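All chains are named by letter (A, B, ...) in the order of the sequence lines, taking the proteins before the strands, and each is independently numbered beginning at 1. Keep in mind it's a predicted model, so treat the numbers as computed, not measured.
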There are 2 protein chains.
Amino acid sequence: MARPKTTPRTVDNPSVAEVTLQQLLEAVADPVRRSVIAQLALAGHGLSCGTFDLPVSRSTATHHFNVLREACVISQHYQGTTKMNTLRPDDLDARFPGLLRAVIDSCVRETTQVPEAH
Amino acid sequence: MARPKTTPRTVDNPSVAEVTLQQLLEAVADPVRRSVIAQLALAGHGLSCGTFDLPVSRSTATHHFNVLREACVISQHYQGTTKMNTLRPDDLDARFPGLLRAVIDSCVRETTQVPEAH
DNA sequence: CCGTTCCTTCGACGTCCGTCGTAATATGGC
DNA sequence: GCCATATTACGACGGACGTCGAAGGAACGG
C-alpha cells in the first residue's frame, strides 16, 4: 500500500537462501512449468513470456512464471514491454546439490523424447 | 473378481520403465513422503511400515507408501506380519540420471538440519 | 479356535491449486 | 496525447489429493 500510481515494473528475484525444498519440488511437479523449463533449456538463452508455447491462457502462464521465479528456478527482468525469463543454472546447487540440474535434464529428455510410440 | 478368499499378501513393485517423471516428482513433492525417504536413508536398511514416525494416521501412511512404491522410490515386500520398505537406490538412475539421488540427499539434509533456529 | 498385531480397503470430507475471463497497468511508437 | 502490445491482478470455479475413521483380512502365538 501507499504505492505510487506508477509501478516501475520491477521484479524481485528472491535469494536462494529463502527457497525451501518443498517450494522447489512443487514448482517442478507441474507439467506446464516443466515445459517452460525445457523450452528455456533447449533455447539456451532467455525467452520472453509471450514466446513460450504453452497450452494454457496468458493469465495462467503468468501464474506459472511467478511460481518458478519464487522457487529460484528462473529469474525475470523487464526489457521494454516484454519480460525476459532465464534459467538460474547454478544458484540452487549450493542449497540442493545436483537437484535442479537433474530436473532440467529430465525435463529436456521428457520433451525431446516425446516421439515414443510404444 | 473371482479372487480366492485368501489373498496371499503379495506386492507388485512396478518396473522402472513404467514410471513417468510426473509420477516421480509428484511422489517426492509431499512432505510426509519425503520424511519416509529421509528416515529410510538415515536408517541405512529397510524399515517396516509401523516403525516410521509420521504425523498422519495409519491409513494415510499406507496411501503414501503406495505412492512411493508406484513411483519406484521404494520397494516393499512382506516379512511375516510386517511389511518392509527399502529405497530403490539406483534403479531410477537409468531413467532420470542423478535425480533420485539428489532428492534423497536433499531429504536427508532437510530433516537433519531441522535445528535451524535463526 | 481365539486374540493380538499389523496393515489395507472403503467412503467421505475439506482444502488447495490450476484454470479461466475480464479489467487494469506499463511501455513504446506515432 | 493516443493507440497497440505485452503482461498482470482479481475473483471465481472445479477437480484432484491428502486426510480421517471404521471395518476387514492375514499372519503369528497361544
His64(A) side chain reached by Leu54(A) side chain, heavy atoms, under 4.5 Å: no
Distance, rounded to the nearest Å, where Gln22(B) contributes CD and dA16(D) contributes P: 13 Å
Close approaches to DNA chain D from residues 49-57 of chain A, in residue order (heavy atom, under 4.0 Å): Cys49(A), Gly50(A)
Atom pair CG (Leu87(A)) and CD1 (Ile104(A)), whose distance is rounded to the nearest 0.5 Å: 5.0 Å
Value in whole Å for how far the C1' atom of dT8(C) lies from CZ of Phe65(B): 13 Å
Phosphate contact (dT19(D) OP1 or OP2) by His64(B) side-chain N/O below 4.0 Å: yes
Whole-Å gap separating P (dT7(D)) and CD (Gln79(A)): 11 Å
Spacing between Met84(A) atom CE and dA26(C) atom P, to the nearest angstrom: 22 Å
Phosphate-side-chain proximity, Lys83(A) and dT8(D), N/O vs OP1/OP2 below 4.0 Å: yes
Beyond-backbone contact of Val16(A) with Leu92(A), side-chain heavy atoms, under 4.5 angstrom: yes
Nearest-0.5 Å distance, OG1 of residue Thr51(A) to CD of residue Gln39(A): 8.0 Å
Atom CZ of Arg101(A) with >12 non-hydrogen neighbours under 6.0 angstrom: no
Whole-Å distance separating the OH atom of Tyr78(B) from the P atom of dT5(C): 18 Å
Distance in angstrom units between Glu26(A) CD and dG18(D) C1', rounded: 13 Å
Atom pair SG (Cys49(A)) and NZ (Lys83(A)), whose distance is rounded to the nearest 0.5 Å: 6.0 Å
All pairs passing salt bridge (Lys or Arg N to Asp or Glu O under 4.0 Å) where residues 20-47 of chain A contributes a residue, at least two apart: Arg34(A)-Glu110(A)
First encountered from the 5' end of DNA chain C, between Gly80(A) and Thr60(A): Thr60(A)
Thr81(A) side chain, from C-beta outward: closest of dC6(C), dG18(D), dT27(C): dT27(C)
Any Gln22(A) side-chain heavy atom under 4.5 Å of Pro31(B) side chain: yes
Whole-Å distance separating the CG atom of Leu68(B) from the C1' atom of dC17(D): 15 Å
Side chains of Leu40(B) and Thr86(B) in contact at under 4.5 Å (non-hydrogen atoms): no
Interatomic distance, His77(B) NE2 vs dT8(C) P [rounded to whole Å]: 13 Å
Sort me out a list of protein N/O and nucleotides 9-16 of chain C N/O pairs below 3.5 Å, or just none if empty.
none

